[in-house]
Amino acid sequence: MSGIELQKAYEPKSVEEKWYAFWLEKGYFHADVDADNEPFSIVIPPPNVTGSLHIGHALNSTLQDILVRWMRMSRRNTLWIPGTDHAGIATQNVVERQLAKEHINRYDLGREKFIEKVWEWKKEYGGRIIGQLKRLGASCDWQRERFTMDDGLSRAVREVFVTLYEEGLIYRGERLINWCPRCHTALSDIEVEHEEEKGKLYYISYPLSQDHNIRLTVATTRPETMLGDTAVAVHPLDPRYKDLVGKTVDLPLTNRKIPIVGDSILVDLEFGTGAVKVTPAHDFNDYEAGQRQIPNLARIKMLDDKAEIRPDIPDVLPDVLKQIAGKPAKKARGMVVELLQERGYLMKTENHAHSIGKCYRCKSVVEPYLSPQWFVKTAPLAGPAIKAVESGRVQFVPKGWENTYFDWMRNIKDWCISRQIWWGHRIPAWYCDDCGTITVSRTDRTACAQCASKNIRQETDVLDTWFSSALWPFSTLGWPERTRDLAFYYPTSALVTSFDIIFFWVARMIMMGLHFMDEVPFRYVYIHALVRDVEGQKMSKSRGNVIDPIVMIDQYGTDAFRFTLAAFAAQGRDIKMSAERIEGYRNFANKIWNASRFALMNIEDNFKPNADLVNEYSTPADKWILSRLQAVIKEVSSALTEYRFNDVASSLYQFIWHEYCDWYVELSKGSLKDENHSVRKASQTALFVTLETILRLLHPTMPFITEEIWQKLPAGTRGTARSIMVSPFPKADDTLIDIESERYMQPSMDTTLVIRNIRGEMNIPPSARPEAVIRPQNEEARKILEETQTYITSLAGLSKIHIAMDAAAPPGSATGASSWAVASLVLPEKGIDINAERDRLMKEIAKISKDIDVFSRKLSNKDFVDKAPKAVVEKDTLKLEEFKVKRDKLEQSLKILG
RNA sequence: GGGCGGAUAGCUCAGCUGGGAGAGCACAGCCCUUACAAGGCUGGGGUCACAGGUUCGAUCCCUGUUCCGCCUACCA
């Protein structure tokens, strides 16, 4: 007995704090360039500073931490760079909301003061998520924590912006963009979420200028925009209208005549009336059609940035204008509809479902809006980025996501990068009020580059927050400086993220990485699932179905939580999370704890395993578990290599609980008490080495409990490292793989199960110690069973065991069969219910008969015998034989029973 | 409209390259057996969505159908 004792149950809380502090203090998370060692680097997808840890972050970070801890233990120079994202619009909104409570808006404060406020906010609350990541056990190199708006990264942003501008890949122009009327800013295409909504389709008739009896009816979902129409389009081949092309209509409510044009792209013959109003300033299709047809008329501006109708539309009837001017779009719609109806232009309305674009930050309905913005010309950047994935320099896991990536990249549109908000990287462009020149510069300007006038203003727009995140893999390593870190750790090894930001982030990192570093930013992109609630719904505060990871951690412990996440990270499926699942793995943690407790109770303080793990004193069980252990090491390693986190979890769970605990710990109880010291020592060695190896295999997934136990093991059992996190990850030892021993254990294990089965069905309490008679099926089985009979005696709870090829089932016994032997359990003190036993036997016989049926039919099929692989046929033949013997024996027993 | 994924035990899901259907939870029975009741042992329960096809053999491969997700798209 050792003096080392564990408490009865695992208590996560204090353990977690203790070891995380220990790891930090020892500097184990920190990495430095070391040219002798191959690097493994990951950059964290920077969470928003506004964020608190939600379950998606927890999954994302856990998977990264598993990889990082695994690689670190595998002796790679491992770096995980953490940081946060300034999250432009999101953060600005949060601070604005906070100010609103004090009845202040940002315009009251002015730009400078407001930004100060945001920084204050960031200082106070921005670190919360980092603290939460630490509770999760994330082994990031915190000394390298970055923020997308810190000095270094801001320099990188400016360098990239100016370079792209100089290369002609950034331009400014007036285009139709998506405008969020609540956030008061432009959005990129992908920042708009489309939602199906019930709306109405309004049919409006436009009288032909030349003959008011002829009317052209158009259908629209947005009648208020008709004031900005510049044309009516019909299909050039439409027999109904083709003669009208070239004529004009009188636009209702205005004094304007607009042309009827033929446009085969815009107009679908089948839909609506076949005639479409063209409103270039309010619809992306119409914008393009306008450009095609009558570019000079394409720019009738109607809405300003408050989504109100402005009174500068040409030719609107004065009384109409008076009513509409200054009204929000929604209100204006009702009014226009009313006026159209009054004046006899509204033909009918229909219900109509169509999708509406909404702001991804605030869910307001976005408005197509014509305005001057900054754009990145993406096509030239996308080409190489597509090639990088095609050629495999970047690989997506699972591979299917590559299609999503290609699909978007091949149809990529220019990226609108300017935002009319204050929080972010201000665009480094200066407008000259004297000569009108735009100066774009790496350094702040006080004078125009063209005319040297001091009368210049910096652009007030800031950059899309995703602009800076696109640079993350190299900006965090010191770029634009050519640092040693950059040379060593770039490209990073893997990126772990979820599919919803493939476009926002992954694609753009690849483009920027290739353009500025001439190398991909990462080799592998592991795309994990989205975490949903039990009902499969996306978690959100408004639904009230959010599972707070910190609450789960408090309740079940970090390790159980992490293990759950890993176990559910099966590729290609969303994860439905629920608290009950975590509880199961909390129990698993406790199981490990107690197995360790058992092991520690069975050794001396100064225990040292045998140098040769297997020697002449090793029992079959010792050899078996060590052999199985090697297989598990291989499984876990290959699963990690292929990002199959759920397989990592399930092979460990299966092995630890159902092989190590259920079988080996029980089997070892005999030999651990053997009078022969060498026998004891051999089993202690197997018990301990297996446990210690399990802990190391498990450490990437369950860092805390493994460290806690590992530190309690006698020094002689755990090598030279001072922490499990810097001890070597297990490597399989092929010399310990012993198929013979694994097979050797089968007869006793199977027979044990048969006897337990009888006990279960006959309701024999565990305290009873019956005798058993075993009839092996062949000579080999007899030999093995005789040699391993103590295993059966102890694991099946028997008092005595009798093994003989020709033994008869004794009277008052119950019988069952494995493929090795037929076992009869004697119940002298209780006797058995003959009828019950007969039923049980018949049930078992029926079961086997079914198998026999299936197999004989299969084997009498000539095609199968001829065409199937030989091994399969042989295996099946053997099985059939075994089944038959089994059935014969059972039938004999039944006969004896009478 | 296009694309992707899913449909396997009451629930949640595994099942990698085709060869007698698995786990966890839940449920039922017997147990406080000296690591663990957050535990042990045992048991019940599935024409692997439907219809065809390929094959000696299909949960797995192919085609089609139905029902669910999700992504994407400018149907006025």
Side-chain angles (χ1 to χ4, degrees), chain A residues 6 8-10 190 194 201 218-222 233 265-268 270-279 283-289 352 354-355 357 368 400-401 403-404 407-408 411 499-500 502-503 530 532 534 536 538 556 560 567-568 570 572-578 580-581 583-602 638-639 642 644 646-647 650 653-654 658 661-662 665-666 669 753 756-767 795-797 850-851 854-855 858 861-869 871-873 875-876 879:
Chain A
L6 301 184
K8 238 182 154 179
Y10 173 59
I190 49 179
H194 294 272
L201 198 55
V218 299
T220 177
T221 53
R222 304 213 32 207
I265 298 172
L266 182 66
V267 182
D268 173 5
E270 307 292 314
F271 191 88
T273 60
V276 186
K277 65 196 268 307
V278 180
T279 323
D283 183 283
F284 288 95
N285 285 328
D286 292 9
Y287 180 75
E288 279 167 27
H352 179 69
H354 65 292
S355 75
W401 292 107
N403 287 329
T404 308
D407 207 44
W408 189 69
N411 299 302
F499 64 82
D500 52 341
I502 290 179
F503 306 148
L530 219 60
R532 298 171 183 282
V534 199
K538 214 167 169 170
Y556 300 112
F568 288 113
R573 216 191 250 241
D574 288 346
I575 300 171
K576 293 182 193 167
M577 181 49 73
S578 75
E580 294 93 74
R581 327 284 304 250
E583 196 179 329
Y585 291 116
R586 189 266 320 258
N587 297 351
F588 176 55
N590 200 48
K591 190 76 179 175
I592 296 163
W593 182 260
N594 278 296
S596 309
R597 199 162 160 254
F598 171 81
L600 285 169
M601 287 170 121
N602 280 286
S638 74
E642 293 161 32
R644 289 183 283 110
N646 59 320
D647 289 340
S650 74
Y653 186 94
Q654 182 64 30
H658 297 305
C661 292
D662 286 353
V665 165
E666 296 304 322
K669 282 177 180 170
L753 288 175
R756 281 177 178 173
N757 177 318
I758 298 171
R759 293 182 72 121
E761 295 216 338
M762 304 303 275
N763 264 344
I764 300 164
S767 50
L795 266 62
K850 225 163 119 191
D851 291 337
V854 170
F855 276 76
K858 201 166 161 189
N861 182 341
K862 243 187 118 182
D863 283 331
F864 170 70
V865 178
D866 291 350
K867 293 180 188 170
V872 175
V873 178
K875 212 176 89 197
D876 286 359
K879 275 186 175 167

Distance between C1' atoms of B/rU63 and B/rU55 (Å, rounded):
16 Å
Please work out if A/Asp851 contacts a base, only the sugar-phosphate, or nothing of the nucleic acid, heavy-atom cut-off 4.0 Å.
base
Aromatic contact between A/Tyr585 and A/Tyr653, with the criterion being ring centroids under 6.0 Å apart: yes or no?
yes
For A/Glu583 and B/rU12, what is the distance between atoms CD and P respectively, to the nearest whole Å?
18 Å
Counting the atoms with a prime plus P, OP1 and OP2 as sugar-phosphate, which does A/Gly274 contact under 4.0 Å by heavy atoms, base, sugar-phosphate, or nothing?
base
In this structure, how many angstroms lie between the P atom of B/rC75 and the CD1 atom of A/Ile265, rounded?
15 Å
Say we look at B/rC50 and B/rU17: how far apart would their P atoms be, to the nearest angstrom?
22 Å
Send over the distance from A/Asn587 CG to B/rA37 P, rounded to a whole Å.
11 Å
Rounding to an integer number of angstrom, what distance separates B/rA9 and B/rG5 when you compare their C1' atoms?
23 Å
Do the side chain of A/Asn594 and the main chain of A/Asn590 share a donor and acceptor less than 3.5 angstrom apart?
yes
Shorter than 3.5 Å, N or O on both sides, protein versus nucleotides 31-35 of chain B: list them out with atom names.
unit_1, atom_1, unit_2, atom_2, d
B/rA35, OP1, A/Lys669, NZ, 3.1
B/rA35, O3', A/Arg597, NH1, 3.2
B/rA35, O2', A/Asn594, OD1, 2.9
B/rA35, O2', A/Arg597, NH1, 2.6
B/rA35, N6, A/Cys661, O, 3.3
B/rA35, N6, A/Glu666, OE2, 3.2
B/rA35, N3, A/Asn594, O, 3.2
B/rA35, N3, A/Ala595, N, 3.4

Strictly under 3.5 Å: I want the nitrogen or oxygen pairs between protein and nucleotides 22-24 of chain B, one per line.
unit_1, atom_1, unit_2, atom_2, d
B/rG24, OP1, A/His658, NE2, 3.4

What does the list of N/O pairs under 3.5 Å between the protein and nucleotides 59-63 of chain B look like, with a distance for each?
none

Consecutive-pair stems (3 or more, Watson-Crick or G-U, under 3.5 Å) for RNA chain B:
B:1-7 with B:66-72, B:10-13 with B:22-25, B:27-31 with B:39-43, B:49-53 with B:61-65
Please determine whether a side-chain nitrogen or oxygen atom of A/His352 lies at a distance below 4.0 Å from atom OP1 or OP2 of B/rA76.
yes
If you look at every strand shown and take non-hydrogen atoms under 4.0 Å, does A/Val267 touch a base, only sugar-phosphate, or nothing?
base
Identify the pairs formed between an N or O of the protein and an N or O of nucleotides 43-45 of chain B at a distance under 3.5 Å, and give each distance.
unit_1, atom_1, unit_2, atom_2, d
B/rG43, OP1, A/Asn757, ND2, 2.9

Check: protein-nucleotides 16-19 of chain B nitrogen or oxygen pairs below 3.5 Å:
none

Could you state the CG-P distance from A/Asn763 to B/rC30, rounded to the nearest angstrom?
6 Å
Just the rounded figure in Å: distance from P of B/rU55 to CG of A/Asp866.
16 Å
I want to check something: taking the side chain as every heavy atom from C-beta on, are A/Glu666 and A/Asp662 in contact at a cut-off of under 4.5 Å?
no
Which nucleotide in the list B/rC41, B/rA76, B/rA14 gets nearest to the side chain of A/Thr221?
B/rA76
Start at the 5' end of RNA chain B and walk down; is the nucleotide closest to A/Glu288 or to A/Arg756 reached first?
A/Arg756
Using a 4.0 Å heavy-atom cut-off, does A/Arg586 contact any base of the nucleic acid, only the sugar-phosphate backbone, or nothing at all?
base
Within the structure shown, what part of the strands sits under 4.0 Å from A/Leu266 by heavy-atom distance: base, sugar-phosphate, or nothing?
base
At 4.0 Å (heavy atoms only), tell me whether A/Tyr556 reaches a base, stays on the sugar-phosphate, or touches nothing.
nothing
Base, sugar-phosphate or nothing for A/Leu753? Non-hydrogen atoms, less than 4.0 Å.
sugar-phosphate
Spacing of A/Ile764 atom CD1 relative to B/rU42 atom P, expressed in whole Å
13 Å
Any donor-acceptor pair under 3.5 Å from A/Arg597 side chain to A/Leu6 backbone
yes
I want to confirm an ordering. Mapping A/Val854 and A/Thr220 to their closest nucleotides on RNA chain B, which one lands closer to the 5' end?
A/Val854
Specify the separation, in whole Å, of atom CZ of A/Phe568 and atom P of B/rC13.
8 Å
Scan A/Asp876, A/Asp863, A/Asp851 and name whichever one has a salt bridge (Lys or Arg N to Asp or Glu O under 4.0 Å) with A/Lys858.
A/Asp876
Donor-acceptor under 3.5 Å (A/Asn411 side chain, A/Asp407 main chain)
yes
Keeping the roles fixed (side chain from A/Arg759, backbone from A/Gly797), state whether a donor-acceptor pair exists under 3.5 Å.
yes
Specify the separation, in whole Å, of atom CD1 of A/Ile592 and atom P of B/rC36.
16 Å
